Amino acid sequence: MITLDNVTAGFGAVQVLHGLSLSVEAGRLVAVVGANGAGKTTLLRAMSNIVRPSSGTITFNGRPTASMEPHHLARAGLVHVPQGRQIIPTLSVKDNLLIGAQRIAGLSSAEMEAGLQREFERFPVLRERQDLLGGNLSGGEQQMLAVSRALMMKPKLLMLDEPSLGLAPQIVKLILDTLRRLAEDGLAILLVEQLAHLALEVADEAYILQRGRIVLSGPASKLRSDKAVIESYLT
Amino acid sequence: MTLSNVFQLLMSGIAVGAIYTLTAKGLFIAHLATHRLNFGQGDFLMVGAYVTIGLMLLGVPAPLVLVGVLIVLGLLGWGLERFAIRPLDRAGDQTGGYAWVLTTAGAALILQNVVELIWGKAAQYAPPIFSATRNNVVHIGGVGIFVEELAIIAVAFVVVTAFYLFLFRTRWGKAIYAVAFNPEAAALLGVNVRGTVVLVFVLASLLAGISGFLVGPLVSVNPHMGLVFTIKAFAVASIGGFSNPVGLLAGGLLFGIVEAFSNYFDSSFGDLYPLIAVLILLAFRPTGLFSTRAADVR
Ligand SMILES: Nc1ncnc2c1ncn2[C@@H]1O[C@H](COP(=O)(O)OP(=O)(O)OP(=O)(O)O)[C@@H](O)[C@H]1O
Ligand SMILES: [Mg+2]
């Protein structure tokens with residue numbers, strides 16, 4: 001679905017990502033774990049072309065993304081749930097759900113309505129809160145809304161930046177279980193997390209990011225039992 | 001002062017106030033989406049008034065005049081974004097963040113001089129738009145009301161309503177709120193941020209154009225009339241609260257009415273008192289009459 005080949009990116013003279021290569025296939029849940037400042041957010045922003053990679057290539061759905069604008073990528077199915085969720089506080093929950101879907105060419109209003117019902121089934125609390133302003137939701141409800149809002153856009157690849165941030169453990173579990181199920185239904189998912197033990201539990205494969213470099217990668221089950229990983233990341 | 005006087009002043013105040021509201025809405029929407037605005041908003045209104053006079057004198061019927069005004073002002077709004085706003089984004093922090101004050105004010109100076117070259121310095125009066133003569137009056141309950149004012153109020157309210165529907169009901173209105181909140185997050189939702197910013201400046205400019213189209217028959221038109229309207233639109237936006245579109249309407253009408261009465265009692269300095277009143281109000285309520293912190297979109 002997406003392949004990064006030797007991608008570097010940064011801000012001016014400061015290089016943050018040093019030649020990253022990774023790939024996510026349909027039906028796979030891939031985790032990228034790393035500490036604060038490792039470059040996780042920068043990686044996702046580079047994949048969305050918000051930070052333009054300074055070298056290397058990214059191929060999404062068989063096409064190089066270098067010439068695409070972030071909103072084109074989003075409409076093409078590379079859907080990115082940013083860090084902090086970024087629910088639009090002045091729009092209702094329902095409008096938040098629709099705003100992305102309304103940008104997708106050829107999505108009929110019947111399909112959008114069906115999408116709404118599907119997301120209301122997934123997270124019933126959103127149905128109850130649909131007329132509330134987004135800013136009035138709790139953190140957990142906002143994260144559910146952020147996931148649903150992304151799914152309304154018919155993603156081919158779903159990228160999430162620290163969905164666990166600031167949430168109670170049972171909400172984190174709900175979100176991660178949801179992602180696991182979506183992957184089993186065939187979606188490609190890239191999950192960026194600081195909570196390595198949780199991410200490694202649900203992921204198929206994982207990459208460990210340290211100061212902008214991938215230092216370890218492999219099947220999540222193998223990394224879970226890797227001694228070095230346990231010592232540095234899971235304690 | 002008779003009751004009939006009071007009523008007529010009220011009507012004049014509402015008519016002018018509705019125009020201030022339209023002009024201020026232009027400031028509001030640009031500020032909402034980009035945290036920038038056009039310091040020449042009043043000068044865009046002036047251009048709208050001159051284009052109106054020019055086309056009316058050529059005998060063009062009023063609806064087509066409005067279309068002409070919208071085309072000219074739409075292009076001006078696009079040009080403003082393209083040449084006075086966008087280059088600053090590329091320059092980034094080097095411009096200190098407030099360079100748009102200078103570039104939009106500079107664009108206003110250019111417009112003033114171009115209009116002066118074409119139409120001259122002298123004040124002009126627009127022919128009435130909606131009725132045969134300027135003094136056409138209808139009598140409602142024994143009180144004479146100018147048809148022109150009545151029509152201006154009606155058109156202004158239609159535009160205000162359309163603006164609300166656009167902002168709150170359409171997908172473009174929602175895109176504006178998304179960009180206002182966070183441009184990067186908006187882009188990730190598939191919103192064309194650059195296109196939305198252009199749209200916002202074009203809309204602001206169209207609102208100034210409609211204001212100019214309507215204001216011609218109410219005041220004398222000259223190439224340097226714009227600044228006063230910019231200042232009054234700022235005053236209205238401050239009363240209403242920059243983040244509150246409904247407050248703008250109340251603020252505009254209030255300002256227009258107070259101004260009409262103040263001009264009645266003091267014909268030489270009448271314009272001054274409402275502005276002083278706004279200054280005093282802002283000293284005590286910096287967020288305006290109708291806006292609370294919670295209503296702010298940030
Ligand atoms: N806009 C920016 N300009 C300059 N440097 C930046 C910018 N954004 C991030 N950085 C730097 O890039 C490095 C990686 O930041 P990034 O936000 O990608 O880390 P992260 O892994 O997402 O961290 P966290 O877990 O705290 O979200 C940090 O050293 C940070 O200071
Ligand atoms: Mg981060």
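Residue numbering restarts at 1 for every chain, and letters A, B, ... go by the order of the sequence lines. All figures in this text were calculated on a predicted structure; none of them were measured in a lab.
- Among Ile99(A), Asn96(A), Ile104(A), Val79(A), the residue with the largest count of heavy-atom pairs under 4.5 Å with chain B is Ile99(A).
- Side chain of Asn38(B) to backbone of Phe201(B): no donor-acceptor contact under 3.5 angstrom is found.
- Interface remark: Leu44(A) contributes no atoms to any contact with chain B (heavy atom separation under 4.5 Å).
- Aromatic ring centroids of Phe234(B) and Phe39(B) lie under 6.0 Å apart.
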Fill in: salt bridge (charged side-chain N to carboxylate O under 4.0 Å, His left out) between Arg194(B) and Glu69(A), intermediate numbers included
CA-CA 11 Å; Arg194(B) 178 54 65 193; Glu69(A) 293 294 323; over 6 Å; no

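- By the 4.5 Å heavy-atom criterion applied to side chains, Phe11(A) and Thr42(A) are counted as neighbours.
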Item to complete: Go through the steps to decide whether Glu121(A) and Arg118(A) satisfy the test salt bridge (charged side-chain N to carboxylate O under 4.0 Å, His left out), and finish with yes or no.
Response: CA-CA 5 Å; Glu121(A) 300 277 300; Arg118(A) 186 192 65 220; over 6 Å; no

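- Scanning residues 125-153 of chain A against chain B with a 4.5 Å non-hydrogen threshold yields Arg149(A), Met153(A), sorted by number.
- Neither the backbone nor the side chain of Ala186(B) comes within less than 4.5 Å of any heavy atom of chain A.
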Fill in: Worked check of side-chain contact (heavy atoms from CB on, under 4.5 Å) between Asp185(A) and Leu187(A)
CA-CA 6 Å; Asp185(A) 291 342; Leu187(A) 189 60; over 6 Å; no

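- With Gln15(A) contributing its side chain and Gly212(A) its backbone, the two residues share no donor-acceptor pair below 3.5 Å.
- Contact tally against chain B (heavy-atom pairs below 4.5 Å) for Leu73(A), Ile88(A), Val81(A): the top residue is Ile88(A).
- Using cut-offs of 30° and 60° for the angle between ring planes, the Phe168(B) and Tyr164(B) rings count as parallel.
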